[in-house]
Amino acid sequence: MEKVAALTGASRGIGAHLAEALSHAGYKLAIGSRDHETLVHMAHELTTEVLPFPLDVTDLDSIQSFADATIHQFGRVDLVINNAGVGIFKRLDELRRPDFRKIFSVNVEGAWLVSRAFLPELQRSRGTLVMMSSDVSTRTFETGGAYCASKFALRAITRTLQIEHPGIRVLELRPGATDTYFADSLPGAPGKEWFLSPKDVADTLLSVLSLPDNVRVEEVVVRSREQTPEF
Ligand code: NJP
């Protein structure tokens with residue numbers, strides 16, 4: 001039986017590489033993000049059955065439609081990955097309220113609502129839920145106040161889901177600096193030479209998913225060898 005994965009934030013960066021790696025591993029996929037045109041193009045390139053869906057994780061109706069369409073097309077869900085995320089880095093005395101709200105709406109509330117929409121199906125399949133968190137979900141730095149707070153909050157939600165739904169495997173995946181479009185940057189931009197590639201992060205998750213079904217990996221931190229270990 002082919003497994004089915006639902007993935008948010010699939011249009012670029014880590015999400016696009018996850019879609020490729022999961023399809024390569026045989027997963028049927030529901031891929032969601034706001035850039036539907038790119039998702040449709042990706043669906044043509046991938047080798048398994050793919051549902052490209054226009055998803056905005058700040059919109060509850062959009063999230064419910066994504067979950068409904070996924071179940072309608074595939075009849076089951078084995079893996080849900082909350083990968084959609086935004087980063088805005090400013091000192092707390094300079095950060096604007098709309099930016100703070102956007103970070104929490106996408107990174108925290110969006111991940112919670114997507115999880116909630118898929119929980120009944122994940123319980124049925126005894127599936128796996130992945131939160132794309134961050135190595136900064138336990139520390140902070142200047143200009144990181146709002147973003148780090150959002151990942152601390154996502155970590156708390158992950159831990160709570162682990163307790164409330166022991167039949168589901170819930171993983172907090174915590175990448176360090178990764179070379180994507182994150183925080184309005186461009187892949188390969190100067191200064192990012194030592195960053196993890198998004199493929200490194202996708203491969204890390206695929207290696208966890210390749211473990212036997214009775215193994216529950218609850219947290220993974222993955223960083224470039226060039227990134228100073230910080231706790
Ligand atoms: O970022 P980027 P990454 N509704 O900007 C989507 C975490 N992380 O791949 O809607 C639905 O290339 C957006 O799609 P679109 C980070 O916190 C990263 O690096 O079409 N989707 C795009 O596909 C995040 O959770 C680093 O614009 C929405 C994707 O999100 C995850 O990794 C370090 C959306 C972002 O792609 C992936 O980020 C770390 C919405 N409202 C954690 N808003 C790092 N890169 O260094 C955005 O510790 N998206």
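For ligands, and for the atoms within them, numbers begin at 1 and follow the listed sequence. For the single chain, residues carry numbers from 1 onward in sequence order.
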Closest non-hydrogen protein atom to atom 4 (N) of ligand 1, residue and atom name please, with distance?
Val57 N, 2.9 Å

Hey, would you say the Phe74 and Tyr27 ring centroids sit under 6.0 Å apart?
no

Any salt bridge (charged side-chain N to carboxylate O under 4.0 Å, His left out) pairs touching residues 6-25, not counting sequence neighbours?
none

Closest non-hydrogen protein atom to atom 10 (O) of ligand 1, residue and atom name please, with distance?
Arg34 NE, 2.7 Å

Backbone or side chain, does any N or O of Asn107 fall under 3.5 Å from an N or O of ligand 1?
no

Backbone or side chain, does any N or O of Val86 fall under 3.5 Å from an N or O of ligand 1?
no

For the hydrophobic clusters of this structure (ILVMFWY residues joined by side-chain heavy atoms under 4.5 Å, transitively), does one cluster hold both Leu205 and Val4?
no

Write out all pairs satisfying ring-ring contact (aromatic ring centres under 6.0 Å, His included) with one or both partners inside residues 111-134, taking only residues at least two apart or from two chains.
Phe66-Phe118

Are Met131 and Leu113 linked, directly or through intermediate hydrophobic residues, by side-chain heavy-atom contacts shorter than 4.5 Å (ILVMFWY only)?
yes

For atom 22 (C) of ligand 1, closest protein heavy-atom neighbour
Ser11 OG, 3.6 Å

Considering only the protein, which heavy-atom contact is closest to atom 21 (N) of ligand 1, and what is its distance?
Ala84 CB, 3.5 Å

Residue, atom and distance of the protein heavy atom nearest atom 9 (O) of ligand 1 read Ile14 N, 2.8 Å

Atom 11 (C) of ligand 1: the protein heavy-atom neighbour that sits closest, reported with distance to 0.1 Å:
Leu55 O, 3.3 Å

Flag for Ser133-Arg155: side-chain donor and acceptor within less than 3.5 Å:
no

Between Gly15 and ligand 1, is there a nitrogen or oxygen pair with a distance under 3.5 Å?
no

So which heavy atom in the protein is nearest atom 19 (O) of ligand 1, and how far is it from that ligand atom?
Thr180 OG1, 2.6 Å

Indicate whether any N or O donor in one side chain lies under 3.5 Å from an N or O acceptor in the other, for Ser33 and Asp35.
no

Identify the closest protein heavy atom to atom 6 (C) of ligand 1: which residue and atom is it, and at what distance?
Gly9 CA, 3.5 Å

